[in-house]
Engineer: 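Below is one structure. I have some questions about it.
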Amino acid sequence: AQSVTQPDIHITVSEGASLELRCNYSYGATPYLFWYVQSPGQGLQLLLKYFSGDTLVQGIKGFEAEFKRSQSSFNLRKPSVHWSDAAEYFCAVGRSGGYNKLIFGAGTRLAVHP
Amino acid sequence: DGGITQSPKYLFRKEGQNVTLSCEQNLNHDAMYWYRQDPGQGLRLIYYSQIVNDFQKGDIAEGYSVSREKKESFPLTVTSAQKNPTAFYLCASSKGLAGSTDTQYFGPGTRLTVL
């Protein structure tokens, strides 16, 4: 069965530091992968997505993610974190073909220290 | 300005009452979805609809009902049969391109609290 694991429930970084949020998936075929961000009490905003091609994907707000098939991972990175990046981040996997069902990870809550 | 709207933002319900959450989109998307979010958990799919007048149960449909009479609207009713309805409810939509890449876009959510 498909599944998504985000190993880190909470992460705290200092403003200006680099960030990496981990995401591991379990899926037999070619996955479609997404990262969403959620501010408190708000809906989810799409940061970036991977469907095929270049395994390094650029997104909004300076985020990028790298798809590594051998490690079943799709980690999210940002070279320099801003205080406004404090939020919850969700990784999701969608199956190829047919109805687009998304399986979400449990999320990683990011806190940013000044 | 295209997007997805959900109303109300906050909703309070007494035990035994049915309540309906509204979701409207003007993105001309064919597919619409309802998710439930609980603290410390990811999103879980309640119902989805790929086209008008058609919808399917998701992973946690018990105690919920939906309708899809118009392309732009996908209301969710939380019935009294739902044992633990207090949660944050998110509506999403997508182009619904079967067999192809498809991206879901989310509304701002409705927080339902049972008193």
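Naming convention: chains lettered A, B, ... in sequence-line order (proteins, then strands); numbering from 1 in each chain.
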Engineer: Measuring from atom CD of B:Gln104 to atom CZ of A:Phe34, what distance do you get when rounded to the nearest 0.5 angstrom?
Structural biologist: 7.5 Å
Engineer: Would you say B:Leu11 and B:Phe88 are hydrophobically clustered, going by side-chain heavy atoms of ILVMFWY under 4.5 Å?
Structural biologist: no
Engineer: Show the nearest heavy-atom pair for residues B:Tyr105 and A:Lys49, with the distance to one decimal.
Structural biologist: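 Smallest interatomic distance, heavy atoms only, reads OH-NZ, 4.4 Å.
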Engineer: Can you confirm whether more than 12 heavy atoms, excluding those of A:Leu56, are under 6.0 Å from its CG atom?
Structural biologist: yes
Engineer: Does NZ belonging to B:Lys14 count more than 12 external heavy atoms closer than 6.0 Å?
Structural biologist: no
Engineer: Are A:Tyr32 and B:Asp102 close enough, and set up right, to give a side-chain contact (heavy atoms from CB on, under 4.5 Å), and what steps lead you there?
Structural biologist: CA-CA 9 Å; A:Tyr32 294 159; B:Asp102 198 25; over 6 Å; no
Engineer: Contact part of B:Gln6 toward chain A, heavy-atom cut-off under 4.5 Å: side chain, backbone, both or neither?
Structural biologist: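 When you check distances to chain A, no heavy atom of B:Gln6 falls under 4.5 Å.
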Engineer: First locate atom CD of B:Gln41, then atom CZ of A:Phe90, and finally report the distance between them rounded to the nearest 0.5 Å.
Structural biologist: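 Separation between the atoms: 10.0 Å.
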Engineer: For a quick test of reading the model, state the closest non-hydrogen atom pair linking B:Phe106 to A:Leu44 and the distance between them.
Structural biologist: CB-O, 3.5 Å
Engineer: For B:Leu43, which atoms come within 4.5 Å of any heavy atom of chain A: side chain, backbone, both, or neither?
Structural biologist: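 B:Leu43 touches chain A through backbone and side-chain heavy atoms alike.
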Engineer: Does B:Glu62, at its CD atom, have more than 12 non-hydrogen atoms belonging to other residues, nucleotides or ligands within less than 6.0 Å?
Structural biologist: no
Engineer: In the structure I gave you, are the side-chain heavy atoms of B:Thr103 and A:Phe51 within less than 4.5 Å of one another anywhere?
Structural biologist: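 Heavy-atom side-chain distance check passes, below 4.5 Å.
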Engineer: Are more than 12 heavy atoms, taken from residues, nucleotides or ligands other than A:Ile9, located less than 6.0 Å from that residue's CD1 atom?
Structural biologist: no
Engineer: In the single-linkage hydrophobic clustering (I, L, V, M, F, W, Y; side-chain heavy atoms under 4.5 Å), do B:Met32 and B:Val78 co-cluster?
Structural biologist: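 Looking at the clustering, B:Val78 is in the same group as B:Met32.
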Engineer: Answer with side chain, backbone, both or neither: which region of A:Gln38 has an atom nearer than 4.5 Å to a non-hydrogen atom of chain B?
Structural biologist: side chain
Engineer: Can you establish whether the number of heavy atoms outside B:Lys71 located under 6.0 Å from its atom NZ is more than 12?
Structural biologist: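 Check passes, neighbour count above 12.
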